[in-house]
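Working notes, structure below.
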Amino acid sequence: MKKRNVMEKKIGTEMEQRKGRRLVLFPLPLQGHINPMLQLADILHSKGFSITIIHTNFNSPNPSHYPNFTFHSIPDGLSESEASASDPVLLLKLLNAKCLEPFRDCLVKLLSDVSEEPISCLISDAIFYFTRAVADSLKLPRIVLRTGGVSSFVIFAAFPLLRERGYLPIQDSQLEKPVEELPPLKVKDLPVVNADDPEAFYEVVAGLVNETKASSGVIWNSYEDLEQSALVTLGKEFPIPIFPVGPFHKHCSASSSSSFLTQDQNSISWLDKQAPKSVIYASFGSIAALNEAEFLEIAWGLANSKQPFLWVVRPGLVRGSEWLEPLPSGFLETLNGRGHIIKWAPQQDVLAHPAVGAFWTHNGWNSTLESICEGVPMICMPCFGDQKVNSKYVSHVWKVGLQLESGLKREEIEGTIRRLMVEKEGEDIRDRISELKEKANLCLQQGGTSRQSLDSLVSHISKLELFTFKSQ
Ligand code: UDX
């Protein structure tokens with residue numbers, strides 16, 4: 001009786017429109033995954049759901065940034081060397097194996113806590129594919145969030161076919177060969193990762209695809225006008241509800257920060273002093289790494305372009321270096337203030353700044369979408385996995401950016417920057433990305449596709465049978 005009162009009080013006083021239902025969210029502990037999951041949490045909280053986040057100790061979010069959510073930490077069992085491993089595939093495999101038991105234990109505890117609002121479902125990162133078996137064993141509905149784009153996911157789903165037809169594993173002699181079944185991709189655009197063990201990567205991809213197919217629905221940080229044809233393909237192959245409700249970060253007016261590194265706010269005052277649309281913002285995300293020679297080509301390409309630039313050099317970006325040691329001494333001084341190098345940026349604010357005219361990016365999905373939403377054209381330098389597909393779509397399908405084609409050479413970098421910032425080609429690209437930005441704005445307005453899709457998601461979750469242990 002006492003427990004029931006607690007719940008009634010919570011629902012009654014907190015807000016009349018609270019749904020009295022709780023969602024358990026489980027993000028993958030990587031920057032490009034935790035950001036969209038916490039944005040989704042904000043969106044669903046604004047729709048009246050209570051939010052519980054289960055997270056690993058490794059790369060844990062800061063609960064004090066999210067006073068409305070409840071956080072539960074689980075031991076991930078990663079050793080120090082495993083957590084800092086440079087092989088992302090190995091990390092994903094380890095996380096899927098080592099989180100299983102602690103995650104299950106935590107979930108069972110949450111489900112049996114009758115003092116809290118009842119749980120409607122689990123929303124898991126799609127790469128945490130082990131969660132399907134756990135949710136099934138507890139008879140808890142499981143919806144997944146796929147944090148990447150739909151177009152790259154469709155390619156992942158085609159891996160068995162690509163292997164059967166000999167496109168995968170990739171052979172160096174075939175890089176320029178068109179993938180007839182998936183235009184406009186060439187073999188070099190296929191979303192592979194240079195893992196020590198390619199079979200391990202195929203295994204992760206199979207887990208991602210198969211356990212998404214077996215879910216009660218999949219949520220996308222994308223919007224219909226951007227990825228319509230991929231959504232149609234997906235709809236044919238995946239007989240589950242599909243919810244493209246992105247761009248997530250544009251739903252909420254105040255953005256809470258889930259950044260692992262401190263965002264350098266001085267970069268905004270530096271941008272304030274630059275001319276409109278003059279600055280190249282260069283940043284390659286949270287995982288990609290470069291060798292020293294590549295780093296120096298980037299530095300000289302930026303310097304020789306004569307454009308102002310804001311460059312994020314994440315500690316660890318250059319293999320074997322702490323930070324900027326490989327730069328020749330006096331490099332920055334020779335630029336007369338035209339270049340500003342920082343460790344981590346408030347990226348969404350940077351892209352929204354009027355001084356920024358181009359984004360040189362690795363095309364992680366979040367960066368790609370954030371650039372589109374601000375109408376900032378891109379220079380594409382994909383490093384691995386889905387970034388290669390995203391880059392191809394940016395440069396050849398949406399035509400809102402230029403891809404660096406022949407590796408990292410300072411002359412090509414300089415020329416590409418000029419094409420984008422100075423020449424007519426750049427103007428056309430700017431016009432096209434402005435249209436995509438406009439469509440991103442429209443899809444979130446009343447009657448827009450993402451707004452409708454969000455309403456469908458809310459209604460889908462509300463119709464799920466509430467979990468009770470009696471149903472076990
Ligand atoms: C990883 C993979 O590399 C990518 O292929 C996949 O699509 C998602 O997971 P990541 O390298 O972290 O992504 O890149 P991205 O998806 O672009 O996410 C980076 C996030 O960090 C963005 O939300 C961006 O706004 C933020 N960021 C980046 C900052 O806040 N500051 C920075 O300086 C750079």
Side-chain angles (χ1 to χ4, degrees), residues 264 266-286 288-319 321-347 349-351 353-364 367-368 370-371 374 376-383 387 391 394-395 401-423 425-426 429-430:
D264 185 335
N266 291 332
S267 51
I268 301 294
S269 359
W270 184 83
L271 284 174
D272 288 341
K273 293 186 211 114
Q274 311 303 320
K277 296 203 188 316
S278 66
V279 175
I280 300 151
Y281 168 58
S283 174
F284 312 116
S286 64
L290 304 166
N291 63 35
E292 211 174 296
E294 293 167 328
F295 177 71
L296 287 175
E297 289 305 304
I298 295 176
W300 286 115
L302 283 169
N304 297 345
S305 78
K306 304 282 184 273
Q307 293 289 139
F309 62 87
L310 173 65
W311 184 12
V312 175
V313 180
R314 195 188 76 236
L317 174 71
V318 188
R319 291 185 202 100
S321 293
E322 292 282 321
W323 196 39
L324 300 180
E325 309 86 273
L327 281 184
S329 67
F331 173 81
L332 279 175
E333 291 70 25
T334 58
L335 299 172
N336 293 324
R338 218 168 6 87
H340 191 62
I341 302 185
I342 55 173
K343 290 186 171 162
W344 197 244
Q347 181 162 299
D349 297 337
V350 165
L351 289 170
H353 196 287
V356 172
F359 182 11
W360 182 357
T361 172
H362 70 311
N363 288 116
S367 294
T368 304
E370 288 162 12
S371 204
E374 302 309 335
V376 177
M378 286 166 257
I379 295 171
C380 306
M381 188 185 83
C383 298
Q387 300 161 14
S391 165
V394 166
S395 54
L402 298 172
Q403 183 164 356
L404 292 170
E405 294 289 354
S406 54
L408 274 176
K409 295 275 169 284
R410 63 188 77 179
E411 296 77 18
E412 193 198 352
I413 295 168
E414 204 189 319
T416 307
I417 292 175
R418 208 177 27 251
R419 280 166 65 197
L420 198 58
M421 303 293 274
V422 183
E423 291 174 10
E425 191 181 5
I429 289 176
R430 221 167 283 279

Sort and list the pairs that fulfil salt bridge (Lys or Arg N to Asp or Glu O under 4.0 Å) and have at least one residue in residues 289-316, not counting sequence neighbours.
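Qualifying pairs, neighbours excluded: Glu297-Arg410.
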Not counting sequence neighbours, list each pair that qualifies as a salt bridge (Lys or Arg N to Asp or Glu O under 4.0 Å) and has a residue in residues 332-343.
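Found none.
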If you take all heavy atoms of [X] and [Y], which pair is closest and at what distance?
X: Gly316; Y: Ala289; value: O-CB, 4.4 Å
X: Leu402; Y: Glu425; value: CD2-OE2, 3.5 Å
X: Phe284; Y: Ile298; value: CE1-CD1, 3.9 Å
X: Gly301; Y: Ile413; value: CA-CG2, 3.7 Å

Tell me if the CD atom of Glu325 is crowded by more than 12 foreign heavy atoms within 6.0 Å.
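Enclosed: over 12 neighbouring heavy atoms sit under 6.0 Å from CD of Glu325.
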Heavy-atom side-chain proximity of [X] to [Y] below 4.5 angstrom:
X: Tyr281; Y: Thr361; answer: no
X: Ile417; Y: Leu302; answer: yes
X: Phe359; Y: Leu420; answer: no

With Asp264, which of Val312, Val350, Leu310, Ile342 fulfils side chain to side chain contact (heavy atoms under 4.5 Å, CB included)?
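The residue from Val312, Val350, Leu310, Ile342 that satisfies side chain to side chain contact (heavy atoms under 4.5 Å, CB included) with Asp264 turns out to be Ile342.
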Salt bridge (Lys or Arg N to Asp or Glu O under 4.0 Å) filter on Glu370, not counting sequence neighbours, yields none
List the residues meeting salt bridge (Lys or Arg N to Asp or Glu O under 4.0 Å) with Glu412, not counting sequence neighbours, and say none if there are none.
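Listed in chain order: nothing, the list is empty.
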Considering residues at least two apart in sequence or located in another chain, which fulfil the side chain to side chain donor-acceptor pair (under 3.5 Å) criterion with Ser367?
Gln347
Has the side chain of Gln307 got a donor or acceptor atom that lies under 3.5 Å from a matching backbone atom of Ser278?
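Checking the backbone N and O of Ser278 against the side chain of Gln307, a donor-acceptor pair under 3.5 Å is found.
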Mind checking what makes side-chain contact (heavy atoms from CB on, under 4.5 Å) contact with Ala303, not counting sequence neighbours?
Trp300, Phe331, Leu335
